[in-house]
Amino acid sequence: MNWTDERVELLRKLWAEGLSASQIAAQLGGVSRNAVIGKVHRLKLSSRGRAAPAQARQKKPKAAAPKAAKPSSQPVRSMPQTVGATALKVEFDAEPAPRPVARVDDSVILPISRNLKLVELTDRTCKWPNGDPLNEDFNFCGSASKDGSPYCAYHARVAYQPVSDRRRAR
DNA sequence: CCCTGATTCGC
DNA sequence: GCGAATCAGG
């Protein structure tokens, strides 16, 4: 794939929005995350406000000439690498008498959806669908799934609800 | 192991 | 200019 003006523009946009190189590569299609990163550097984009961790690549003489270093690191303020905006509030149950028979461990909490596009899913991202497949904003949870499960811990629980644990919706 | 971005260098 | 290979770090 060529770096057409449109694709470069989209790259700039997504990069500015804080998407990772791999996610951008997935959306652009036809390119690897390395290609995206390489292009980002060539375009002299980077920083992105501040998402990059404390990294100081120092290089390793792979076969020849080593070179300069890469110093500078201005004290930048925090950076919102957030993708979701859902805020969950923990409700404290001040009730002195909790359900004596209630079971169903609610140890698994609702993850913040990454709202990934179908093409961004990998073997280990939650494939719980969000929204209407016919709608534009249709997406998938995308949270990390464990051990080959198609869903994250939360959605796996929802998907495989034990019959005995069914509770009535309030 | 998964992921992230950074850098080098042959093409 | 491009991006795979490689690296360091989380």
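These figures come from a predicted structure and were not determined experimentally. Numbered from 1 within each chain, the chains take letters A, B, ... in sequence-line order.
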Side-chain contact, heavy-atom cut-off 4.5 Å: A/W15 with A/L43? no

Can I get a per-line list of side-chain donor-acceptor pairs under 3.5 Å for residues 144-151 of chain A, giving both atom names and the distance, sequence neighbours left out?
unit_1: A/S145; atom_1: OG; unit_2: A/R124; atom_2: O; d: 3.1
unit_1: A/S145; atom_1: OG; unit_2: A/S149; atom_2: O; d: 3.0
unit_1: A/S149; atom_1: OG; unit_2: A/Y151; atom_2: N; d: 3.1
unit_1: A/S149; atom_1: OG; unit_2: A/Y151; atom_2: O; d: 3.0

Using a strict heavy-atom distance below 4.0 Å, which residues from residues 3-12 of chain A are in contact with DNA chain C? A/W3

My understanding is that only residues two or more places apart in sequence, or in another chain, count here; which of them pass side-chain hydrogen bond (donor to acceptor under 3.5 Å, both in side chains) with A/D123? none

Rounded interatomic separation in angstrom, taking CG from A/L14 and P from B/dG5: 12 Å

Those residues that, when tested against A/D137, pass side-chain hydrogen bond (donor to acceptor under 3.5 Å, both in side chains) (two or more places apart): A/N135

Straight-line distance of A/L28 CG to A/L11 CG, nearest 0.5 Å: 6.0 Å

Hey, can you pull the residues of residues 33-41 of chain A with a non-hydrogen atom under 4.0 angstrom from DNA chain B? A/R33, A/N34, A/I37, A/H41

Pairs touching residues 4-13 of chain A that satisfy salt bridge (charged side-chain N to carboxylate O under 4.0 Å, His left out), sequence neighbours left out: A/K13-A/E17

Below 4.0 Å: OP1/OP2 of B/dA6 and any side-chain N or O of A/S46: yes

For B/dT4, does OP1 or OP2 lie under 4.0 Å from any side-chain N or O of A/S22? yes

Whole angstrom is fine here: how far is it from CG in A/D123 over to P in B/dC1? 15 Å

If you look at every heavy atom in A/C126 and A/C152, which pair is closest and at what distance? SG-N, 3.2 Å

Whole-Å distance separating the CG atom of A/L121 from the P atom of B/dC3: 12 Å

Ignoring backbone atoms, test whether A/S32 places a side-chain nitrogen or oxygen under 4.0 Å from the OP1 or OP2 oxygen of C/dA4. yes

Length of the CG-P vector between A/L45 and C/dG1, whole Å: 13 Å

May I have the list of side-chain donor-acceptor pairs in residues 32-42 of chain A shorter than 3.5 Å, sequence neighbours left out?
unit_1: A/S32; atom_1: OG; unit_2: A/N34; atom_2: N; d: 3.4
unit_1: A/S32; atom_1: OG; unit_2: A/A35; atom_2: N; d: 3.1

Listed nucleotide nearest any side-chain atom of A/R42, set B/dG5, C/dG1, B/dA6: C/dG1

Atom-to-atom span, CD1 of A/I24 to P of B/dC3 - whole angstrom: 16 Å

Taking atom P of B/dC3 as reference, at what distance in whole Å does atom CD of A/E120 sit? 13 Å

Interatomic spacing from SG in A/C141 to OH in A/Y154 - rounded to 0.5 Å: 10.0 Å

